[in-house]
Number of protein chains: 2
Amino acid sequence: MVQRSKAPSITQVAELAGVSLQTVSNVLNFPDRVRPETQKKVLAAVKTLKYSPNAAARRLKTAQASSIAVRLDSNSITDGDGRGLYSGFIQDEFVYQLTVAAENRGIRVITYTANNPEDELKKINLLCNSQDIDGLILTSTQLNDPRIKLVNSKGVPFITFGRPWGDDKMYSTQRPWIDVDGSFGTSLATQKFWDSGYRNIGYAGWRFETHKKSDPQNVNEDRFQGWLDTISKLDKSRKYTSGRNFSAKNDESVLGGRKMAAELLEKFPEIEVVVCASDTLALGVLLESGRLRKKPLIVSGFDNSPVSKEFNFSSLDQDLLEVAHSAIKILMGESGNQIRHIDFTKESTKAHVLLRPILISR
Amino acid sequence: MVQRSKAPSITQVAELAGVSLQTVSNVLNFPDRVRPETQKKVLAAVKTLKYSPNAAARRLKTAQASSIAVRLDSNSITDGDGRGLYSGFIQDEFVYQLTVAAENRGIRVITYTANNPEDELKKINLLCNSQDIDGLILTSTQLNDPRIKLVNSKGVPFITFGRPWGDDKMYSTQRPWIDVDGSFGTSLATQKFWDSGYRNIGYAGWRFETHKKSDPQNVNEDRFQGWLDTISKLDKSRKYTSGRNFSAKNDESVLGGRKMAAELLEKFPEIEVVVCASDTLALGVLLESGRLRKKPLIVSGFDNSPVSKEFNFSSLDQDLLEVAHSAIKILMGESGNQIRHIDFTKESTKAHVLLRPILISR
DNA sequence: CTGAAAGCGCTTACAG
DNA sequence: CTGAAAGCGCTTACAG
């Protein structure tokens, strides 16, 4: 069995190149300080020895972990309530793209898991205290999220993927976030269907509580609002103000979609198209309407997941590579390789990024 | 803005506790060496200061990264060919469970990505040379996988999730792996359906080339073989030897499943049940047979993904937590917190673990 | 059981 | 442009 060979150190590179440690370090970190011939010698030695700097030593000296952490969740559903066909699609794809974006800046991504919120606080605490990370990605944030308080107390830069709905400080630079504009998405789908000549465009989404605030207070409401505002504006012949016409709400499951299709077809037989809050719901509407009628309803979904591709319906695509790049920018600024507290008042980087989904027509 | 507070060091703990560094280190790493009263003092100081050892310093000194790496793939399909409804389910769930299992042993999981095989070699090379990891998880291995050669040359312990099909050294301790027994799975489903009284049990799977070797040479063939062997044994009334009776092969897509349902129903109208190679294929068979007949065919899928739950059909479940635990054992042995080269001839840990899926009946 | 000291492999002021 | 030296925060033989 091959034993792990002791990796070459900077000392060996210096010896082989016939220069001092300092020079080797300079060639690697500040090439400008060293004249070309010396650089060449050093680089040749680096190549010969297949040298890479020892990351632990560098981290110790620079006090920079050059790492960020992100939580991973299980996609295996344990209980009975539906979570759709591919609940983790966005999260998993985001983590993938985050790793891509981080690699581009020389940053490592460390994953962690949590059984419950307290467990997560412990894990984050350890990650920060051991100085394993100098930045954190938070997903699915709650109102008054205790994780934010913790991370702030540690002075570790963070960013949330998803707006902190309902938080007073939603637009404070203390609460940087990146999100995809759901309302814009459903509006876009509605408009496109209208432009294609359809006039009876319904909506199938998730349940939410009504309240008196003027702005949407969660994702469910946000996506619904995009459809409602747009169809109300386009179609003056009906009153959509109650929000009940042509729209239905149910669980995130194929069955939920099926139920809504049945409901909508019964109440509004003239309906032609249904804008849906998710690909799972869209599939439910598609299948059930195909069963009840000869010709299924036209549907659009959300996330452009494999489901929408396999069943060939339109869907709103979130550009997760761009989401990930934006997240990294908020942690590191426009360039450079350090995770740091960005001064959003002085730099061009924005603390809040709302990306627009695009409609993939099928 | 809260600046990142300088974390407490072992020196400060020692001062507060009124002991030497050495003693603090001992309390943390070898508690037995220190008497209880001293331990108490030290632990109190640790708590007061919220001290965690600096991971970089520990790594530098011990020359152990206490980290493993695993590749992440995108689940977003770029080209036209079907990859099913949830191609990444097993991989993503495995990475999640791997993180859980690693955390239990104090090991970090680092993710990386690769655009192509050469890129992956570069990434692995860097990870090893910078001593960021001391163990590696490899998925989707190829015949004569160059990654294995590379990692072996670095002397970094590794394990593959998935058997190295066709490799001469498949059962060598130089090639440790963990896998799920697909053949056993489809056999199990076939047997259960038979026991329930069904007699006309077909199979819908992926395409593969036939060859002259006696053993299956890939996953596709392995899953097919489980059905064929079992049904041949149970049903002496027919000849299944050609492997063509009651079985069909196609792409991993809903459409592929649909095509096979149509084909099987036409050729064998008496067919009642179809054992499928995946949940995606099972859904295709379910939907198409429901369209062609009043009563859809009974199907079973593979992976117990959300698809099988949403559409309520039976599926073969891989216990990925156990897969992950086995992977960690192969890298670290039965206990302890070091990633190392296990001497499989001397320890009870096995270099090859083939887990049995269980049938979730719905 | 406890302490003083060396050293892991880097980076970085500082001096030349 | 280059070199000798200090020090990051640990762990670990070694001496008491």
Side-chain angles (χ1 to χ4, degrees), chain A residues 4-43 45-46 49-66 106 126 128-132 134 337-338, chain B residues 4-43 45-46 49-66 106 126 128-132 134 337-338:
Chain A
R4 183 152 192 184
S5 43
K6 198 155 164 43
S9 77
I10 197 171
T11 315
Q12 288 164 57
V13 177
E15 269 173 24
L16 185 61
V19 297
S20 72
L21 303 187
Q22 164 76 320
T23 304
V24 177
S25 181
N26 277 341
V27 169
L28 266 26
N29 300 318
F30 309 94
D32 309 343
R33 294 188 190 164
V34 184
R35 71 163 160 245
E37 332 153 22
T38 317
Q39 274 191 47
K40 240 182 193 169
K41 276 196 298 186
V42 172
L43 259 14
V46 165
L49 294 171
K50 289 180 187 164
Y51 169 77
S52 308
N54 178 307
R58 172 176 276 175
R59 289 194 182 107
L60 175 58
K61 182 62 197 174
T62 61
Q64 290 181 156
S66 298
L126 186 60
C128 294
N129 283 350
S130 65
Q131 289 162 89
D132 256 327
D134 32 32
N337 47 20
Q338 285 191 18
Chain B
R4 183 154 192 181
S5 42
K6 197 153 164 47
S9 78
I10 196 171
T11 315
Q12 288 165 57
V13 177
E15 268 172 23
L16 184 61
V19 297
S20 72
L21 303 186
Q22 163 76 320
T23 304
V24 177
S25 181
N26 277 341
V27 170
L28 266 26
N29 301 317
F30 308 96
D32 309 345
R33 295 188 189 162
V34 183
R35 72 163 158 245
E37 330 150 25
T38 317
Q39 273 190 47
K40 241 184 195 165
K41 275 196 299 183
V42 171
L43 259 14
V46 165
L49 294 172
K50 290 179 187 166
Y51 169 76
S52 308
N54 178 306
R58 172 175 276 175
R59 289 195 182 106
L60 175 57
K61 183 62 196 173
T62 61
Q64 290 181 154
S66 298
L126 186 60
C128 294
N129 282 350
S130 65
Q131 288 162 89
D132 257 328
D134 32 33
N337 47 21
Q338 285 190 21

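Keep in mind that the numbers below use all heavy atoms, side chains included, and drop hydrogens, waters and symmetry copies. Per chain, numbering begins at 1; letters A, B, ... match sequence-line order.
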Side chains of [X] and [Y], heavy atoms from C-beta outward: is any pair under 4.5 Å?
X	Y	result
A:T11	A:E15	yes
B:Q39	B:P31	yes
B:V27	B:K40	no
A:V42	A:V34	no
A:Y51	A:I10	yes

Given atom [atom1] of [X] and atom [atom2] of [N], what is their separation to the nearest angstrom?
X	N	atom1	atom2	answer
B:R58	D:dC8	CZ	P	19 Å
A:Q12	C:dC10	CD	C1'	14 Å
B:F30	D:dA13	CZ	C1'	12 Å
B:R59	D:dC8	CZ	C1'	15 Å
A:Q131	D:dC8	CD	P	13 Å
A:N129	D:dG9	CG	C1'	15 Å
A:L60	C:dC10	CG	P	12 Å
B:Q64	D:dT11	CD	P	11 Å

Fill in: Exam field: side chain A:S25 to backbone A:L21, donor-acceptor pair closer than 3.5 Å
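Between the backbone of A:L21 and the side chain of A:S25 there is no qualifying donor-acceptor contact (under 3.5 Å).
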Worksheet item: Judged by atom type as modelled, is there a donor-acceptor pair below 3.5 Å linking the side chain of B:T62 to the main-chain atoms of B:R58?
Response: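 Answer holds: yes.
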Worksheet item: How do A:I10 and B:P36 order along DNA chain C: which one's closest nucleotide is nearer the 5' end?
Response: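 That would be B:P36.
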Worksheet item: DNA chain D in dot-bracket, Watson-Crick or G-U pairs under 3.5 Å, [ ] crossing, | other strand?
Response: |||.||||||||.|||
Item to complete: Name all residues meeting the side-chain hydrogen bond (donor to acceptor under 3.5 Å, both in side chains) criterion together with A:S66; count only those two or more places apart in sequence or in a different chain, and write none if there are none.
Response: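 None.
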Item to complete: For the pair B:D134 and B:R59, find out whether any cationic side-chain nitrogen is under 4.0 Å from an anionic carboxylate oxygen.
Response: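 Salt bridge absent between B:D134 and B:R59.
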Set out, line by line, the N/O atom pairs under 3.5 Å between protein and nucleotides 2-6 of chain D.
residue, atom, partner, partner atom, Å
D:dT2, OP1, A:T38, OG1, 2.6
D:dG3, OP2, A:S20, N, 3.0
D:dG3, OP2, A:S20, OG, 3.1
D:dG3, OP2, A:T23, OG1, 3.0
D:dG3, O6, A:Q22, NE2, 2.5

Fill in: Of the listed nucleotides C:dC10, C:dT12, D:dT11, the one nearest the side chain of B:N29
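From the listed options, D:dT11 comes nearest.
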Discussion item. Need one value for A:S25: base, sugar-phosphate or nothing, where a base atom within 4.0 Å counts as base even if backbone is also close, heavy atoms only.
Written reply: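 Base contact.
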